[in-house]
K.L.:
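Next up is a structure, given as structure tokens.
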Number of protein chains: 2
Amino acid sequence: MPHKHDPFFPPPGHDHRSCASEAIAAAETICQDRGSRLTALRQRVLEAIWEGHRPLGAYDILARLNRNGGRNAPMAVYRALDFLMDHGLVHRLASRNAFIGCRHPGDDHSAQFLICDSCGSVAELASDDVHKTIGRAAAKKGFAVTSETVEITGHCPNCNPS
Amino acid sequence: MPHKHDPFFPPPGHDHRSCASEAIAAAETICQDRGSRLTALRQRVLEAIWEGHRPLGAYDILARLNRNGGRNAPMAVYRALDFLMDHGLVHRLASRNAFIGCRHPGDDHSAQFLICDSCGSVAELASDDVHKTIGRAAAKKGFAVTSETVEITGHCPNCNPS
DNA sequence: ATAATAATGTGATGTTATAACAATTCAATG
DNA sequence: CATTGAATTGTTATAACATCACATTATTAT
């Protein structure tokens with residue numbers, strides 16, 4: 001298990017091939033479990049997303065799909081992204097209109113995203129403490145939470161070596 | 001001081017005129033303090049936003065500006081919104097691509113938004129607890145926070161009378 | 001083989017936001 | 001008051017993000 005304890009923000013030189021291949025493998029498992037099909041198109045979209053740890057816009061993904069003469073339309077990408085999000089394989093960052101691969105798919109997690117202003121990397125926090133604190137604060141105001149968008153910008157440890 | 005203790009989610013029948021006029025008055029004060037000009041255009045945009053407690057898209061605001069034969073362009077609205085956001089009078093909801101009036105301008109607050117799925121109302125939480133919890137969770141991962149986007153959906157007390 | 005369902009192809013369109021440059025208004029100064 | 005520099009607004013075009021609607025193809029179950 002080479003990457004089970006990857007650093008939270010993988011440093012510039014890390015062996016990214018493993019990140020990507022692990023993500024694809026996990027996706028295959030999850031789709032099988034759910035009786036869904038990880039088609040070639042969907043897999044190519046997922047692979048494009050996993051080219052790095054930075055979020056990609058839908059049209060960035062499209063450009064990668066069509067790099068070698070492909071003729072896909074935006075709709076194809078959005079449909080694949082919807083599928084991947086339904087399966088918890090990809091998240092959308094509302095503050096960026098961009099998409100990022102999920103680092104712990106399968107887990108039923110509440111996600112908070114840490115977005116580095118400097119290198120653009122995104123890490124996925126799954127802090128139950130944050131989740132619960134939000135729930136409590138909302139409840140105090142009589143508000144019953146159904147979903148949370150938490151996106152934090154700042155400087156990651158690779159860019160902020162303090 | 002008629003509205004200093006407005007309910008967090010103002011109920012359907014509340015005297016909204018006061019909400020709006022208080023917001024405009026506060027805006028005038030803040031602009032004076034900062035030596036900025038709350039021009040007619042900017043004020044009209046702010047008034048449009050304060051027609052209610054639901055977020056409005058930029059083009060919704062534009063439609064209101066142009067209701068009576070106006071000929072404003074989108075750019076005018078976006079520029080006014082930029083000004084109002086710079087002055088802490090308006091917030092943008094990233095998850096909705098929409099804008100909402102700030103309920104406590106002037107205060108230096110970290111904002112979290114509660115968005116009702118049912119009636120569309122938005123309330124602005126300013127929970128220091130949430131803010132600090134996020135900061136701690138991020139710090140544990142070596143991440144230094146500079147900004148936070150926290151947008152929660154669910155059911156407000158007016159729609160969820162439990 | 002067939003029929004039902006799922007997935008993809010395709011073109012048009014809708015929605016949100018910004019770029020670039022011109023014209024106007026405002027406010028400070030001599 | 002006239003001038004001038006800065007701020008604001010006007011205007012046109014375009015970029016960036018996302019969905020609709022309908023046709024076609026592929027997959028699966030029977």
Side-chain angles (χ1 to χ4, degrees), chain A residues 27-28 30-49 54-66 68-87 89-100 115 120 149 151, chain B residues 27-28 30-49 54-66 69-87 89-100 120 149 151:
Chain A
E28 282 168 348
I30 284 166
C31 287
Q32 259 178 8
D33 289 357
R34 292 201 19 188
S36 301
R37 296 168 52 219
L38 186 62
T39 62
L41 178 63
R42 289 164 178 169
Q43 181 165 337
R44 274 184 288 139
V45 168
L46 188 59
E47 283 166 356
I49 283 178
R54 289 158 211 243
L56 290 183
Y59 282 74
D60 295 331
I61 294 167
L62 182 61
R64 282 165 170 72
L65 280 192
N66 289 345
N68 301 313
R71 296 236 172 280
N72 296 282
M75 202 59 234
V77 172
Y78 282 106
R79 284 196 283 229
L81 288 169
D82 284 344
F83 173 90
L84 295 169
M85 287 191 290
D86 279 350
H87 288 73
L89 300 168
V90 162
H91 295 289
R92 179 171 189 275
L93 298 182
S95 63
R96 300 295 172 109
N97 297 328
F99 302 85
I100 185 89
I115 306 168
T149 296
E151 301 176 14
Chain B
E28 282 168 347
I30 283 166
C31 287
Q32 259 178 8
D33 290 356
R34 293 201 21 186
S36 303
R37 298 169 50 219
L38 186 62
T39 62
L41 178 62
R42 290 164 177 170
Q43 180 164 338
R44 274 184 288 139
V45 169
L46 188 59
E47 284 166 355
I49 283 177
R54 291 157 209 243
L56 290 183
Y59 283 76
D60 295 331
I61 294 167
L62 182 62
R64 281 164 170 74
L65 280 192
N66 288 345
R71 296 235 172 281
N72 296 284
M75 207 52 238
V77 172
Y78 282 105
R79 283 196 283 228
L81 288 169
D82 284 345
F83 173 91
L84 295 169
M85 287 191 291
D86 279 349
H87 288 73
L89 300 167
V90 162
H91 296 289
R92 180 170 188 276
L93 299 182
S95 64
R96 299 295 173 108
N97 297 328
F99 301 86
I100 185 89
T149 296
E151 301 176 14

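No hydrogens, no waters, no symmetry mates; every other heavy atom, side chains included, goes into these values. Just so you know, these numbers come straight off a predicted model, no measurement behind them. Residue numbers start from 1 in every chain, and the chains themselves are labelled A, B, ... in the order their sequence lines are given, proteins ahead of strands.
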K.L.:
Would you kindly give the CG-to-P distance between B:Leu81 and D:dT8, to the nearest whole Å?
P.N.:
15 Å
K.L.:
Whole angstroms only, please: what is the CG-P distance between B:Asp82 and D:dT8?
P.N.:
12 Å
K.L.:
Which residue pairs satisfy the salt bridge (charged side-chain N to carboxylate O under 4.0 Å, His left out) criterion with at least one member in residues 71-80 of chain A, sequence neighbours excluded?
P.N.:
none
K.L.:
Name all residues meeting the ring pair (Phe, Tyr, Trp, His ring centres under 6.0 Å) criterion together with A:His87; count only those two or more places apart in sequence or in a different chain, and write none if there are none.
P.N.:
A:Phe83
K.L.:
What string of B, S and - do you get for nucleotides 7-15 of chain C, 5' to 3', if B is base contact, S is sugar-phosphate-only contact and - is no contact with any protein heavy atom under 4.0 Å?
P.N.:
SBBB-----
K.L.:
What integer distance in Å separates B:Leu65:CG from D:dT9:P?
P.N.:
11 Å
K.L.:
According to a strict under-4.0 Å criterion, is B:Asn97 in side-chain N/O contact with OP1 or OP2 of C:dA17?
P.N.:
yes
K.L.:
Let me check something: any side-chain donor-acceptor pairs from residues 37-44 of chain A under 3.5 Å, sequence neighbours excluded? List them with distances.
P.N.:
| unit_1 | atom_1 | unit_2 | atom_2 | d |
| --- | --- | --- | --- | --- |
| A:Thr39 | OG1 | A:Arg42 | N | 3.4 |
| A:Arg42 | NH1 | A:Arg37 | O | 2.8 |
| A:Gln43 | NE2 | A:Glu47 | OE2 | 3.0 |

K.L.:
Quick one, A:Ile49 and A:Leu89 - any side-chain contact, counting heavy atoms below 4.5 Å?
P.N.:
no
K.L.:
What residues, two or more places apart in sequence or in another chain, satisfy side chain to side chain donor-acceptor pair (under 3.5 Å) together with B:Arg92?
P.N.:
B:Asn97
K.L.:
Roughly how many Å is it from OH in B:Tyr78 to P in D:dA15, rounded to a whole number?
P.N.:
17 Å
K.L.:
Would you mind reading off the distance between B:Asp86 atom CG and D:dT8 atom P, rounded to a whole angstrom?
P.N.:
11 Å
K.L.:
Which residues pass the salt bridge (charged side-chain N to carboxylate O under 4.0 Å, His left out) test with A:Arg64, sequence neighbours left out?
P.N.:
A:Glu51
